[in-house]
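All heavy atoms count here, side chains included; hydrogens, waters and symmetry mates do not. Just so we're on the same page: letters track the sequence lines, and every chain starts at 1.
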Amino acid sequence: MPSLKTYRLRIRSVQSTQKITKAMKMVAAAKLRRAHEQAVAARPYAEAMDKVLAALGQSFKGAGPRLLAGTGSDQVQLLIVATADRGLCGAFNSSIVREARRLVRALMADGKTVKILCVGRKGRDQLRRDFGPMIIETITDLGRPRLSYGDAQKVAARVSALFEAGEFDVATVVYNRFRSAISQVVTVQQLIPAQPPESEEGAVATTGGAIYEFEPDEGAILADLLPRNLTVQIFRVLLENAASFYGSQMTAMDNASRNAGDVIKKLTLQMNRSRQATITKELIEIISGAEAV
Amino acid sequence: MAKFSFRLVMPERELLAIEADMVVVPGSEGDFGVLEGHAPLISTVRPGVLEVYQGNKVERRFVVAGGFAEVTPERCTVLAEEAIPFEEATAEYLAQRERTAEEDLMDAANDAERAAATKDLAIARELQRAQAYYATR
């Protein structure tokens, strides 16, 4: 039977773990709020962009720049796996990676060539084992101290450079969409060729069927707009991911603190039992000693 | 004068959402004024100064670094890559920006970086010119 001292030590160590997880939970909650605010603040721009794109998309059915129409092939697939740089966030990273693995296998079964661009250290670490040679690049340390549009521009610049160089035909991103602090949804979204948003409730409806004039002209605007749209989409992905990460971390740390509490309770109980057992034993010894006299 | 709703949005946040009498947007094909009931228009925006009118007076000015404008009869939305209130975009600030862009151009390691820096530099110069012009008005 372990001594009282070892119990006490173990309780203390679990207590300090609990302190850490509690603090992490608090920090994650604060950061989640900030990330959420940021995501909400970024929404008007993305919505306005969607509207313009929807208006433009109608004049470009099937034709148009390559970012919209594609290269006419889907042989080489680029998979952008957006994860976090750090762990301790429950199933956040592994759920993204699991989906990415599934996608890679499905695409390979179709005879496609797959290339992987990792955003975030954790995704790379987990994918390296299975698909090491396919990872063409990793972008890490985004969003320090906080996520900015510049971060999205960095990623978008890399993606469009690869696209310009003819490195891939289709780009798809895997990330976690933020639904609430306890629920994040792994989402797969195609980035290139761009998918113009549904236009039914978009521009035409709100202008009462009026057709836009374009200045300079549709082609020029589209050529200017599509790269920006790519950046905005990536920015949205990064924001959603950041919010999901903190949400996931908050939940995970909450669970960890609760588990630590359970362990402490159990250990305290065991410690008290063993203390009582010792006392009882000592009493018996004293009593039987007294009787013997 | 009837008002229309004007919004100035940046990727990171919405900068301004108000009712305005007139907005003058620096379109890539020339400045254009937007009043209530303007014909639907989508235009690119060049780096320059955007003016928001209340009544006959300029109420606010913004320095925008390019983007898009979407105009319908009842609203006008400007999607700016970057927008700064005119008062904050001082000559010193813009000169600093030009220097940074020049340095970036010098340090550029590859074509993509060079292209980005060249673009930044052009924007910075354009903004300086616009700022100098509007500062005297």
Within the structure provided, determine whether [X] and [Y] are in side-chain contact (heavy-atom separation under 4.5 Å).
X: A:Tyr45; Y: B:Arg7; result: no
X: A:Glu215; Y: B:Phe32; result: yes
X: B:Pro11; Y: A:Thr231; result: no
X: A:Asp224; Y: B:Phe68; result: yes
X: A:Phe235; Y: B:Glu12; result: yes

- [ ] Looking only at non-hydrogen atoms, find the nearest pair between A:Pro44 and B:Val9 and report the distance.
- [x]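 Distance-wise, the nearest heavy atoms are CB-CG1, 3.8 Å.
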
Side chain from CB out, backbone as N, CA, C, O: work out which of these in [X] comes under 4.5 Å of a heavy atom of chain B, or both, or neither.
X: A:Glu37; result: neither
X: A:Ala48; result: both
X: A:Leu239; result: neither

Open item on the list: Counting only heavy atoms not in A:Arg121 (residues, nucleotides, ligands), do more than 12 fall under 6.0 Å from its CZ?
Closed with: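 It does: A:Arg121 CZ has more than 12 such atoms within range.
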
Open item on the list: Does A:Lys112 have more than 12 heavy atoms from other residues, nucleotides or ligands lying within 6.0 Å of its NZ?
Closed with: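 Count over threshold, so yes.
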
Open item on the list: For A:Tyr212 and B:Glu70, which I'm curious about, is there any donor-acceptor pair between the side chains at under 3.5 Å?
Closed with: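 Yes, B:Glu70 and A:Tyr212 have a side-chain donor paired with an acceptor closer than 3.5 Å.
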
Task: B:Glu81/A:Tyr149 under side chain to side chain contact (heavy atoms under 4.5 Å, CB included): CA gap, chis, key distance, verdict - done: CA-CA 9 Å; B:Glu81 197 88 316; A:Tyr149 191 60; 3.6 Å; yes

Task: Which of A:Ser148, A:Ala157, A:Ala161 touches chain B most, by non-hydrogen pairs under 4.5 Å - done: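 Looking at each of A:Ser148, A:Ala157, A:Ala161 in turn, A:Ser148 comes out on top.
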
Task: Top contributor to chain B contacts, counting heavy-atom pairs under 4.5 Å, from A:Gln153, A:Arg228, A:Glu164, A:Arg43 - done: A:Arg228

Got a second to check how far [X]'s [atom1] is from [Y]'s [atom2], nearest 0.5 Å?
X: A:Leu222; Y: B:Thr44; atom1: CG; atom2: OG1; value: 12.0 Å
X: B:Ser28; Y: A:Ile221; atom1: OG; atom2: CD1; value: 7.0 Å
X: B:Leu79; Y: A:Glu47; atom1: CG; atom2: CD; value: 11.0 Å

Task: Under 4.5 Å from any heavy atom of chain A - which part of B:Thr77 - done: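 Side chain only.
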
Task: Contact class of B:Ala17 relative to chain A, heavy atoms under 4.5 angstrom - done: neither

